[in-house]
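Below: one structure, written as structure tokens.
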Amino acid sequence: MKTLIIVPAYNEEESLPGVIRDLRGNIRLADILVVNDGSKDTTARIAKEMGVAVLNLPFNLGIGGAMQAGYLYAEQGGYDIAVQFDGDGQHLAGEVEKLLRHVREGNADLVIGSRFLEQGGYSTSVFRKSGMWIFSTILSRMLGMRVTDSTSGFRAANRRVIEFFARTYPDDYPEVEALVLLHKAKLRIVEVAVNMRERTGGTSSITPLRSVYYMVKVLLAIFIDLLKK
Amino acid sequence: MDVLKILAIVGSGTVLLLVVELIRRGRLKERYSLLWLFAGGVLLVLSSSRNILEYISNRVGIYYPPSFLFLLAFLFLLLITLHFSVTISGLSEKNKRLAQELALLRQEMQELMLDRTDSKKSTDE
């Protein structure tokens with residue numbers, strides 16, 4: 001099956017080479033596409049030098065618009081499977097196969113790699129944890145299934161989801177909302193336990209105040225989605 | 001004629017004239033001017049005819065008729081800004097699509113150019 005790894009990158013010149021090497025070393029028979037979301041650093045040049053396909057957005061669209069550009073590429077290129085893989089080095093290429101297997105076997109239309117499905121060592125701040133708990137509870141109710149890691153950006157989609165996302169994909173904080181849209185379109189979602197790397201350098205951009213804002217905004221978006229025809 | 005009435009007529013008349021002039025010069029598209037023209041027209045009629053204004057005010061239960069004018073003007077502004085929000089949402093969606101299409105096109109072009117230089121190389125050799 002024709003597989004595409006979509007790597008959204010915004011100012012990721014430091015981590016991108018490692019991410020691409022990781023992907024090349026662990027996955028054969030898959031194309032890599034970097035979606036450069038209007039980076040101000042040398043992300044575009046690095047991706048080009050490493051010989052992967054690059055979509056250079058003329059300005060910063062945000063993760064939603066960038067991800068959708070990747071899905072458009074997958075749709076037009078006739079790919080059967082698309083994998084979302086963060087450009088910041090958080091995701092492990094060795095775990096991709098776990099997602100792919102479920103898509104290939106047709107267990108689900110979208111497979112999410114979850115950090116929390118199994119008791120692992122992944123720790124995060126209390127604020128993020130409580131925010132994620134609220135999302136999970138609400139989403140689990142809404143979707144009629146247990147969702148442990150709704151904000152995970154580590155996902156694999158089959159052709160039906162690729163075509164759906166090429167048409168409709170949420171803008172600002174799309175991970176959670178996308179699940180609601182898929183559920184409404186009667187597409188099947190499944191979670192698979194994966195390991196992720198914990199952030200080593202730098203600080204998270206998510207401050208307590210921002211995560212509250214993020215939560216309110218996403219919750220609002222979810223409820224609006226439910227109201228839409 | 002009291003001062004308030006003159007003020008109201010001049011005000012709504014100016015809005016109307018300004019909008020018409022902007023359309024005439026091509027600075028304002030017709031589709032965005034309809035609400036403005038409608039608002040200006042209604043306000044002009046109401047401010048120049050005391051009878052209609054007082055009649056409606058009484059029916060609605062407003063004791064001071066000119067305040068009905070303010071209410072109406074306020075509602076029109078609300079409607080116009082809402083119209084803008086809808087328009088901006090549509091534009092930002094189209095803008096996003098254009099950016100994505102542009103990136104896809106550039107990528108395709110790059111690939112075609114690579115193919116061409118590759119085949120050139122192989123024929124040269």
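A quick note: this is a predicted structure, and the numbers were derived from the prediction, not measured. Here is how names work: the chains are called A, B, and so on, in the same order as the sequence lines, proteins then strands, and each is numbered from 1.
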For residues [X] and [Y], report the shortest heavy-atom separation together with the two atoms involved.
X	Y	answer
A:Pro58	B:Ala99	CD-O, 3.6 Å
A:Arg167	B:Arg97	O-NH2, 2.8 Å
A:Leu57	B:Ala103	CD2-CB, 3.8 Å
A:Val54	B:Gln107	O-CG, 2.9 Å

B:Arg106 side-chain N/O to A:Leu55 backbone N/O, donor-acceptor pair under 3.5 Å | no
B:Gln100 (side chain) donor-acceptor with A:Leu72 (main chain) under 3.5 angstrom = no
Tell me, for A:Asp171 versus chain B, whether the close heavy atoms (under 4.5 Å) come from the side chain, the backbone, both or neither.
->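 Side chain only.
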Give, as side chain, backbone, both or neither, the part of A:Gln68 having an atom under 4.5 angstrom from any heavy atom of chain B.
-> both
Around A:Glu75, counting heavy atoms of other residues, nucleotides and ligands shown, do more than 12 lie under 6.0 Å from its CD?
-> yes
When you look at CG of A:Leu29, are more than 12 heavy atoms from neighbouring residues, nucleotides or ligands closer to it than 6.0 Å?
->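 No.
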Value rounded to 0.5 Å, distance of CD in B:Gln110 from NZ in A:Lys48 |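 So the gap between those two atoms works out to 4.5 Å.
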B:Leu102/A:Phe59 under side-chain contact (heavy atoms from CB on, under 4.5 Å): CA gap, chis, key distance, verdict = CA-CA 11 Å; B:Leu102 180 68; A:Phe59 43 82; over 6 Å; no
